[in-house]
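Some notes on the structure that comes next.
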Amino acid sequence: MELIVNVEQLTANENLPSEDIGIEGTYLVTLRDDTPGEYANSAALDGFAVNIPINTPENFEITVEDNEGNPQEDPIPAEPYTLDSYCLSVVKVTDDEEE
């Protein structure tokens, strides 16, 4: 299963810690095939956060969508979500930073 994580920077580079510069962009997150659908959004966000740490998340807007551009949100599951290793990879596919 693949989902897209879009990261939009809300603050100018000069106001960001150096570690957060260059994070803005679009990322392809690949999840294991056995990832429960009701946890896909959370699993994608967890996988992104583990692989691409952001020091000041309040300076970014992060959204998840499917390959067709449909926004993804988790429904309220019957069982609580717990962090698992559903994420196989996170790859930056575009760099949205304006020059």
Side-chain angles (χ1 to χ4, degrees):
M1 172 186 304
E2 293 180 337
L3 292 174
I4 305 296
V5 174
N6 296 303
V7 181
E8 179 184 353
Q9 184 175 311
L10 304 175
T11 303
N13 280 346
E14 57 268 11
N15 296 324
L16 287 177
S18 60
E19 299 87 1
D20 285 353
I21 295 174
I23 290 177
E24 182 175 44
T26 301
Y27 296 79
L28 178 64
V29 177
T30 304
L31 302 175
R32 293 188 339 222
D33 289 337
D34 65 339
T35 303
E38 66 267 24
Y39 301 135
N41 183 59
S42 292
L45 289 171
D46 284 346
F48 174 82
V50 167
N51 287 279
I52 312 292
I54 297 177
N55 289 325
T56 57
E58 65 274 10
N59 291 319
F60 296 88
E61 182 175 337
I62 301 172
T63 58
V64 179
E65 59 187 42
D66 65 16
N67 287 331
E68 297 176 358
N70 300 310
Q72 300 295 295
E73 293 183 14
D74 288 338
I76 298 173
E79 298 291 323
Y81 172 77
T82 56
L83 178 63
D84 194 351
S85 56
Y86 290 120
C87 183
L88 297 175
S89 67
V90 177
V91 177
K92 190 171 189 179
V93 293
T94 65
D95 188 355
D96 293 339
E97 185 176 336
E98 292 182 19
E99 301 295 323

If I take atom [atom1] from residue [X] and atom [atom2] from residue [Y], how far apart are they, to the nearest 0.5 angstrom?
X	Y	atom1	atom2	answer
Ile23	Glu8	CD1	CD	14.0 Å
Leu28	Ser89	CG	OG	6.5 Å
Leu88	Arg32	CG	CZ	7.5 Å

Under the side-chain contact (heavy atoms from CB on, under 4.5 Å) test, which residues partner [X], sequence neighbours left out?
X	value
Glu14	Ala12
Thr11	Asn15, Leu16, Asn59
Pro57	Ile54

Looking at every heavy atom in both [X] and [Y], which two are closest together, and how far apart are they?
X	Y	answer
Lys92	Asp95	NZ-OD1, 3.8 Å
Val29	Cys87	CG1-SG, 3.9 Å
Pro53	Asp20	O-OD1, 4.4 Å
Ala40	Leu31	O-CD1, 3.6 Å
Gly47	Val90	O-CG2, 3.6 Å

Across all chains, not counting sequence neighbours, the side-chain hydrogen bond (donor to acceptor under 3.5 Å, both in side chains) partners of Glu65 are Asn6
side-chain hydrogen bond (donor to acceptor under 3.5 Å, both in side chains) filter on Asn55, not counting sequence neighbours, yields Glu19
In terms of hydrophobic clustering (I, L, V, M, F, W, Y; side-chain heavy atoms under 4.5 Å; direct or indirect links), are [X] and [Y] co-clustered?
X	Y	result
Tyr86	Ile4	no
Ile62	Ile21	yes
Met1	Leu45	yes

Sequence neighbours excluded, the answer for ring pair (Phe, Tyr, Trp, His ring centres under 6.0 Å) partners of Phe48 is Tyr27
- Query: Sub-3.5 Å donor-acceptor pair from the side chain of Gln72 to the main-chain atoms of Asn70, do we have one?
  - Reply: yes
_Gln9 side chain vs Glu24 backbone, donor-acceptor pair below 3.5 Å_ = no
query = Under the side chain to side chain contact (heavy atoms under 4.5 Å, CB included) criterion, do Leu3 and Asp66 qualify, and how do the steps go?
reply = CA-CA 5 Å; Leu3 292 174; Asp66 65 16; 4.2 Å; yes
